[in-house]
Amino acid sequence: VQLQASGGGLVRAGGSLMLSCAASGSIFSIADVGWYRQAPGKQRELVAGISRGGSTNVADSVKGRFTISRDNDKNTVYLQMNSLKPEDTAVYYCYANVLIPYWGQGTQVTVSS
């Protein structure tokens with residue numbers, strides 16, 4: 001399985017970005033997928049996940065601002081990020097978990113104050 005993340009960039013505080021992660025292969029529809037992020041000097045943390053059944057799990061720090069969704073027909077998981085804050089600055093990694101985790105290459109999100 002290969003994952004290709006896109007959509008990162010530079011945005012001002014209060015702005016929005018949508019991240020996309022497209023997966024190759026046929027296992028996407030049975031995988032739990034989502035996003036982690038890692039800021040400089042910090043550990044990687046879960047941002048949001050969505051199960052193969054559509055149940056979502058969103059970190060408290062982004063709840064109400066970020067929304068995760070998936071399109072199994074397009075083998076893609078999305079992260080809509082609104083009301084961005086400087087503390088959201090990080091490299092965002094998508095993952096797909098089917099027995100073992102697969103990772104995308106990461107996309108940089110930078111939020112300026």
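When the options L79, L19, D88 are evaluated for a side chain to side chain contact (heavy atoms under 4.5 Å, CB included) with V47, the one that passes is L79.
We find the CG-CD1 distance between D32 and I30 to be 10.0 Å, quoted to the nearest 0.5 Å. One distance of note links OG of S51 with CG of N97; it measures 11.5 Å at 0.5 Å rounding. M18 CE to M81 CE: the interatomic distance, rounded to the nearest 0.5 Å, is 9.5 Å. Expressed to the nearest 0.5 Å, how far OG of S61 lies from CD of E87 amounts to 9.0 Å. Atom CD in Q80 sits 12.0 Å away from atom CZ in R65 (nearest 0.5 Å). Distance CZ/R70 to OH/Y78: 11.5 Å, rounded to 0.5 Å.
Both V33 and V62 sit in one connected hydrophobic cluster of ILVMFWY residues. Membership requires side-chain heavy atoms under 4.5 Å apart, directly or through other members. I68 is not connected to V98 by any chain of hydrophobic side-chain contacts under 4.5 Å among Ile, Leu, Val, Met, Phe, Trp and Tyr, and they are in different clusters. When the side chains of ILVMFWY residues are joined at heavy-atom separations under 4.5 Å, either directly or via intervening members, Y92 and V111 end up in a single hydrophobic cluster. By the criterion of side-chain heavy atoms lying less than 4.5 angstrom apart, applied directly or through intervening Ile, Leu, Val, Met, Phe, Trp or Tyr residues, V11 is grouped together with F66 in one hydrophobic cluster. Note on L17: it does not cluster hydrophobically with Y36, by side-chain heavy-atom contacts below 4.5 Å among ILVMFWY residues.
Under the 3.5 Å distance criterion, with hydrogens and angles disregarded, a donor-acceptor pair is assigned to the side chains of N82 and S16.
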Exercise for the section: Walk me through it: do Q4 and S6 pass the test side chain to side chain donor-acceptor pair (under 3.5 Å)? Expected result: CA-CA 7 Å; Q4 182 68 43; S6 61; over 6 Å; no
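Taking a cutoff of 4.0 Å between a charged side-chain nitrogen and a carboxylate oxygen, K63 and D60 qualify as a salt bridge.
Remark: R44 qualifies as a cation-pi partner of W103 under the 6.0 Å distance and 45° angle criteria applied to the six-membered ring. Cation-pi check for R52 over F28 is not met; the charged atom does not lie both under 6.0 angstrom from the ring centroid and within 45 degrees of its normal.
E45 CD: more than 12 foreign heavy atoms inside a 6.0 Å radius.
The two residues Q38 and K42 make their nearest non-hydrogen contact at NE2-O, 3.1 Å. Of all non-hydrogen atoms in W35 and S20, the two that sit nearest each other are CH2-O, 3.6 Å. Considering all non-hydrogen atoms of both residues, L3 and A23 come closest at CD2-CB, 3.3 Å. Summarising the geometry of S113 relative to A13, their closest heavy-atom pair is CA-CB, 4.4 Å, with the distance given to 0.1 Å.
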